[in-house]
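So you know, we letter chains A, B, ... as the sequences are listed, proteins then strands, and number each from 1.
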Amino acid sequence: MATERVKEILSWYRSDNPGSLTNLARLLNHGKLAGTGKFVILPVDQGFEHGPARSFAPNPAAYDPRYHVELAIESGCNAYAAPLGFIEAVAADYAGEIPLILKVNNHDSLYDEKDPLGAVTSTVDDALRLGCVGIGYTIYPGTADRRFLYEQLQELTSASKQAGLSVVVWSYPRGSGLSKDGETAIDVTAYAAQIAAQLGAHIIKVKLSTDHVEQAETKKVYAKHNIPIKTLTDRVKHVVQSSFAGRRVVIFSGGPISDTATVLDEARAIRDGGGFGSIIGRNSFQRSKPDSLELLGSIIRIYKGELK
Amino acid sequence: MATERVKEILSWYRSDNPGSLTNLARLLNHGKLAGTGKFVILPVDQGFEHGPARSFAPNPAAYDPRYHVELAIESGCNAYAAPLGFIEAVAADYAGEIPLILKVNNHDSLYDEKDPLGAVTSTVDDALRLGCVGIGYTIYPGTADRRFLYEQLQELTSASKQAGLSVVVWSYPRGSGLSKDGETAIDVTAYAAQIAAQLGAHIIKVKLSTDHVEQAETKKVYAKHNIPIKTLTDRVKHVVQSSFAGRRVVIFSGGPISDTATVLDEARAIRDGGGFGSIIGRNSFQRSKPDSLELLGSIIRIYKGELK
Amino acid sequence: MATERVKEILSWYRSDNPGSLTNLARLLNHGKLAGTGKFVILPVDQGFEHGPARSFAPNPAAYDPRYHVELAIESGCNAYAAPLGFIEAVAADYAGEIPLILKVNNHDSLYDEKDPLGAVTSTVDDALRLGCVGIGYTIYPGTADRRFLYEQLQELTSASKQAGLSVVVWSYPRGSGLSKDGETAIDVTAYAAQIAAQLGAHIIKVKLSTDHVEQAETKKVYAKHNIPIKTLTDRVKHVVQSSFAGRRVVIFSGGPISDTATVLDEARAIRDGGGFGSIIGRNSFQRSKPDSLELLGSIIRIYKGELK
Amino acid sequence: MATERVKEILSWYRSDNPGSLTNLARLLNHGKLAGTGKFVILPVDQGFEHGPARSFAPNPAAYDPRYHVELAIESGCNAYAAPLGFIEAVAADYAGEIPLILKVNNHDSLYDEKDPLGAVTSTVDDALRLGCVGIGYTIYPGTADRRFLYEQLQELTSASKQAGLSVVVWSYPRGSGLSKDGETAIDVTAYAAQIAAQLGAHIIKVKLSTDHVEQAETKKVYAKHNIPIKTLTDRVKHVVQSSFAGRRVVIFSGGPISDTATVLDEARAIRDGGGFGSIIGRNSFQRSKPDSLELLGSIIRIYKGELK
Amino acid sequence: MATERVKEILSWYRSDNPGSLTNLARLLNHGKLAGTGKFVILPVDQGFEHGPARSFAPNPAAYDPRYHVELAIESGCNAYAAPLGFIEAVAADYAGEIPLILKVNNHDSLYDEKDPLGAVTSTVDDALRLGCVGIGYTIYPGTADRRFLYEQLQELTSASKQAGLSVVVWSYPRGSGLSKDGETAIDVTAYAAQIAAQLGAHIIKVKLSTDHVEQAETKKVYAKHNIPIKTLTDRVKHVVQSSFAGRRVVIFSGGPISDTATVLDEARAIRDGGGFGSIIGRNSFQRSKPDSLELLGSIIRIYKGELK
């Protein structure tokens with residue numbers, strides 16, 4: 001039976017049909033965080049995004065697509081997210097063992113562009129035939145032709161909601177409109193979360209931000225209204241507030257591999273700022289399996305309040 | 001029973017099917033201006049257009065999507081207009097309490113372009129499934145590739161009219177074809193209203209204009225025929241005339257937050273020039289709720305003639 | 001019962017289905033020129049093309065969409081052509097009183113481009129639901145990307161012929177491929193008529209041309225074969241010949257408002273050169289109604305041979 | 001009853017459905033060359049490609065669309081090919097008198113581009129409703145964006161083969177990839193024929209080539225393997241070989257009007273090199289009708305072996 | 001009855017429907033390598049890619065489309081792959097004699113571009129009507145607009161999998177993102193294989209690579225983790241590992257014609273590195289038929305372990 005917290009979260013999405021609510025419920029009710037309203041998701045699209053060696057050489061077992069889904073299952077994640085190939089390689093053999101999210105667009109790094117667009121590499125029909133609970137899509141706010149992305153996402157979101165799937169949006173600022181620091185600036189991150197929410201995302205994924213404020217107009221507003229952005233917890237709070245005052249699930253991604261203490265401190269900030277959880281890729285699969293199970297276990301305990 | 005004025009306004013749209021007439025009637029017959037043929041609409045797309053902090057930090061209650069629909073209901077507006085995310089966040093819980101307009105295209109400000117195009121972020125099917133009375137779409141006359149916008153609107157208008165929805169067009173001159181002053185010039189504003197009307201808009205939304213005349217050819221015409229454009233009331237009249245001699249509903253938007261006296265004076269000019277009303281965003285939700293209810297109340301009384 | 005001349009003209013289009021023939025017959029059999037095989041059509045797209053003030057300020061009654069359809073009816077024109085908004089504003093109220101042609105693409109002048117493309121602003125489905133006898137579409141031969149226009153027209157023509165509508169093509173040379181004089185050169189005008197005919201137009205609309213010859217290769221041909229192009233009548237003849245040896249209806253447009261004598265002389269040249277008539281906008285609606293009725297009456301009498 | 005040669009030719013296309021074979025058989029079995037496996041086709045798209053005066057002023061009877069179809073019938077051609085307008089102007093009146101090929105893309109010369117793309121001006125549905133045996137499409141190998149053409153042709157070919165029509169591909173090298181001489185170079189012509197064959201053409205139309213070799217890599221190959229390309233007959237042979245070793249019908253076009261002796265010598269070279277015939281436009285319709293009938297008669301007798 | 005090895009390979013694709021598994025099984029169970037899990041495929045798209053003379057003049061029998069399918073059958077290849085024209089020329093006459101792969105996109109060399117895109121020249125429907133077991137598609141990772149290719153492939157893959165066909169992806173790095181050496185660099189080749197696998201390819205075709213490492217980031221990773229890339233066998237192993245740890249079939253292509261010893265050494269390296277076989281075009285059909293049968297025979301014996 002659904003917990004009160006799960007019921008509350010689902011109530012924010014009441015305009016969606018029961019199919020999408022069911023798949024959101026599957027995400028909320030799976031793994032060690034089942035029923036808590038918190039998320040830890042394992043995403044593995046780095047093979048496409050950065051290439052196989054950069055992604056998997058640190059832990060060669062990770063070349064095998066079975067490795068990741070098993071890691072996600074054993075560690076008690078809420079879900080496993082990956083591009084078509086990796087999902088196809090496991091969907092039949094692990095059917096029903098963990099919610100799957102099909103990452104339907106991808107971008108490789110064999111050509112270095114200032115304003116990336118990525119490519120749709122699979123579709124809502126693939127998500128359905130493979131038994132996934134939803135799709136994942138990356139937008140790059142700040143790029144010159146971002147409208148192509150927003151419109152591509154619009155079509156996929158519309159089809160997903162009609163098919164009763166959930167929609168997870170990776171909202172990663174990039175491109176000519178931003179400085180390098182601006183990509184993780186607090187104002188830009190909060191704006192990116194708002195955009196994803198307005199585009200109809202059920203779950204929003206952003207990066208943890210710095211206290212840099214990118215846009216001149218916004219800087220004045222932050223100063224005038226004394227918006228607290230100094231600590232990571234402050235900034236998580238502001239991003240949650242910017243996601244419909246907390247009425248949309250927003251989770252945070254980690255970035256490159258870093259030491260365990262840092263990762264756990266980030267999880268604490270996410271928890272204390274009211275964030276809904278972590279989507280944690282390289283910090284999982286680039287560690288050895290035992291190390292990764294331990295790290296994910298600690299994060300989960302932080303979210304459950306079992307670890308300070 | 002429909003008032004004579006409502007019947008008159010509906011008679012201008014007799015080529016449309018009864019579905020669209022019904023939804024226009026819902027707009028005309030809701031709120032404190034019901035039956036008068038006048039409109040006050042609350043639009044909230046600034047979260048997408050300008051970012052969350054610039055939009056909602058002045059009144060943090062406004063981060064919550066419920067705030068706006070409740071404000072629109074309590075103040076007695078004719079309708080509430082917003083992008084997909086904000087509408088989805090309230091459509092089920094407030095079903096039937098106020099006419100909703102789905103703003104189906106949007107543009108963010110994370111990349112600064114001279115000729116904005118925006119993106120379609122939701123569709124006519126979304127408007128239908130969410131119980132909306134119509135769609136809203138922004139065109140930018142004056143931009144280099146405006147034909148993409150006109151053609152995108154054409155498809156949405158066609159689908160809306162077939163589905164019995166109403167179509168509200170935000171006609172906002174911008175882009176390489178115009179000087180900065182030209183964006184709010186009276187000739188350009190009147191032209192923008194005409195374009196929206198020719199594109200089949202049921203309701204046209206333009207900005208209040210200045211007495212600047214942008215285009216050389218038009219300047220001669222204004223001079224030769226002594227078209228009065230000196231006062232705001234004059235210019236409202238000219239825009240109404242340019243909207244099929246007053247046979248299309250044209251409403252005016254306010255722009256950035258300003259002092260109450262200015263806003264009320266603008267409402268008086270709209271009324272005295274024969275305009276059909278206001279679409280008033282930042283001047284509503286960036287005020288505190290009591291202030292905003294008072295301001296909207298005053299505007300409504302101006303349109304009802306209860307306030308000089 | 002159809003006259004012999006109407007039957008003859010229809011016989012040129014025998015490859016089309018009876019639906020399109022019926023609508024062509026409606027055009028041929030309406031107004032004061034009914035049965036003669038001649039045409040006077042009132043087109044009013046200047047509100048979109050040049051803006052409301054430049055179009056309607058000379059005769060402010062013309063801001064009202066009813067003005068034009070009434071003028072077309074009272075003057076005995078064969079048809080009234082206008083964009084979506086103007087047609088929607090009258091189609092229901094004047095249903096069946098005059099053949100309507102929906103101008104399905106338009107171009108505004110708020111951005112000045114060397115190679116205009118225009119935008120599709122309504123469709124064949126709109127023409128059907130509004131009771132029109134056909135669609136109108138403008139191509140700009142001579143522009144760099146004219147293939148977009150030809151392909152857009154191809155799709156609309158195909159849909160129109162399947163739906164039994166007629167197709168009127170405005171063939172207006174423009175763009176980087178031509179000098180300013182070349183836009184109305186006789187060789188370019190004849191070529192533009194040929195292109196429209198090959199694209200499947202039922203009725204071709206071109207501008208009256210000058211005796212300038214634009215293209216070097218063609219100049220040699222005109223010289224070698226002594227093609228007469230000196231008088232306006234000569235040039236009308238040559239354009240008619242270039243429209244499948246007179247087996248396609250080709251009508252001529254007037255351009256900016258000019259004095260009555262000039263307009264009537266042009267009509268005489270059209271008649272004497274074997275042209276099928278006039279499509280006359282600004283010279284109609286920018287005059288006062290009595291003046292315009294008189295002018296249109298004179299033109300009609302010229303075509304009927306009642307006026308030398 | 002089909003001749004052995006016709007049966008042999010049809011056997012090369014056995015992967016196509018009986019509908020397409022039937023229409024190929026209609027082409028093979030019509031006119032004075034019926035049953036011989038040879039072709040003379042009259043194509044008239046010059047009105048669109050070069051303009052009416054340059055095309056028809058040398059023989060003004062040719063302005064009339066009836067002229068061409070009658071010429072093709074009287075001279076005993078296998079087929080008549082033209083754009084939509086010219087075909088519509090005769091299809092009903094001459095129904096069943098001669099196989100018609102609808103030229104579905106066209107390019108005008110009012111704008112001079114280095115890399116022409118042309119425009120689709122009619123479709124497979126038009127070909128069907130007009131009783132045509134097939135479509136014709138021009139590709140320009142050597143142009144920068146030729147992939148648009150190949151993909152457009154792919155869609156049309158696929159639709160044609162599904163509908164049981166035949167597909168004739170004009171393969172005319174042009175564009176930035178080639179020098180002026182390269183457009184008719186033997187290596188480029190042979191390559192153009194191969195491309196058309198690989199794209200699924202039933203009948204390939206190329207220009208007669210010169211002994212120029214354009215591409216450096218190919219020049220080495222021609223030298224190393226001693227490929228004979230000195231005489232026109234040699235080059236026809238090489239093009240036929242390059243068209244699947246003679247298992248695709250490849251016909252040759254003439255180009256600008258030239259003297260009778262030259263045209264007949266070209267026909268002899270086509271015959272002696274194993275070519276399948278001629279597609280001959282300007283050399284037909286720019287002559288007077290008696291001269292043109294005589295010329296076509298001579299060509300036909302050359303192909304039948306009745307004239308050395 | 002399927003061998004254990006065939007069953008094992010098919011088990012990697014269990015998420016696909018039985019139709020696709022059946023066609024993969026047809027490839028695995030045909031020719032002299034039937035049941036071994038190894039492949040030798042004859043691809044002949046060089047007529048389109050490089051032109052007829054450069055491709056076929058070394059062995060003129062190869063101009064005839066029948067030559068290749070017969071060579072593939074006689075030599076005991078698993079399959080024959082070619083563009084539409086070549087497949088249409090043989091599909092009916094050799095129906096059921098060898099699995100056919102329709103190469104659905106192609107690129108010619110008449111225009112030299114840094115970032116090639118190719119063109120779709122046939123479709124899944126063609127593959128079905130011609131009795132093919134699958135489609136082949138080339139992507140060019142490293143090109144600026146590679147997303148067009150990935151999205152085109154996505155649509156074709158989706159349609160193929162729905163229709164029960166197999167999908168073979170030629171993954172050939174090219175373009176502005178890479179140096180000339182980078183096109184065959186080991187890191188780029190491994191990345192290209194990973195991309196194809198993530199895009200849902202059943203069979204991946206890459207070139208044999210050099211020990212050059214192109215990308216700076218990756219160079220560090222190869223050094224840090226001591227990835228062996230010195231010998232060709234090492235590099236084949238790394239590419240196989242990068243193809244889902246060997247759970248996707250990856251085969252290697254040869255390139256320009258070279259001496260027999262080299263070709264056989266390459267086959268040995270493929271075998272010893274755990275590669276799944278060869279796709280060998282020019283080295284087959286540019287030799288005389290006896291030489292080519294002997295070479296292919298030797299390669300097959302290497303894969304069967306009958307030849308060291």
Between the CD atom in B:E88 and the OH atom in A:Y13, the distance rounded to the nearest 0.5 Å is 10.0 Å
So which atom in A:S15 and which in B:A92 form the shortest heavy-atom distance, rounded to 0.1 Å? OG-N, 3.1 Å
Enter the distance from A:Q194:CD to B:H50:NE2 here, rounded to the nearest 0.5 Å. 12.0 Å
At under 4.5 Å between heavy atoms, what parts of residues 156-172 of chain B are in contact with chain A? List them by residue number. none
Sort out for me which of A:Q198, A:E214, A:Q154, A:Q215 touches chain B most, counting heavy-atom pairs under 4.5 Å. A:Q198
Give the member of B:A119, B:A95, B:G131 that has the highest number of heavy-atom pairs under 4.5 Å with chain A. B:A119
Which atoms of B:E49 approach chain A - backbone, side chain, both or neither, heavy atom under 4.5 Å: backbone
Here the pair of heavy atoms bringing B:A53 nearest to A:Y222 is CB-CE1, 3.5 Å
Side chain, backbone, both or neither: which part of A:I227 has an atom under 4.5 Å from a heavy atom of chain B? side chain
Where on B:D93 is there a heavy atom nearer than 4.5 Å to chain A: the side chain, the backbone, both, or neither? both
Give me the contact list for residues 98-118 of chain B versus chain A, heavy atoms only, anything under 4.5 Å, ordered by residue number. B:H107, B:D108, B:S109, B:L110, B:Y111, B:E113, B:L117, B:G118
So what's closer than 4.5 Å to chain B heavy atoms on A:R247: side chain, backbone, both or neither? side chain
Neighbourhood of chain B inside residues 234-245 of chain A, taking heavy atoms under 4.5 Å as contact: A:H238, A:Q241, A:S242, A:F244, A:A245
Is atom CD of B:E294 surrounded by more than 12 heavy atoms (other residues, nucleotides or ligands) closer than 6.0 Å? no
Using non-hydrogen atoms and a limit below 4.5 Å, what part of residues 62-75 of chain B faces chain A? B:Y63, B:D64, B:P65, B:R66
Interface moiety of B:T121 toward chain A, non-hydrogen atoms closer than 4.5 Å: both
Between A:A144 and chain B, with a heavy-atom cut-off of 4.5 Å, which part of the residue counts as in contact: side chain, backbone, both or neither? both
Tell me which of these, A:P173, A:G177, A:A196, A:G175, has more heavy-atom pairs under 4.5 Å with chain B than the rest. A:G177
Honestly, the part of A:E217 sitting under 4.5 Å from a heavy atom of chain B is both
With respect to chain B, which residue among A:N17, A:I195, A:D16, A:L153 yields the maximal number of heavy-atom pairs within a distance under 4.5 Å? A:I195
One should read off an interatomic distance between B:R54 CZ and A:D187 CG, to the nearest 0.5 angstrom, of 10.5 Å
Less than 4.5 Å to any heavy atom of chain A: does that hold for the side chain of B:L84, its backbone, both, or neither? both
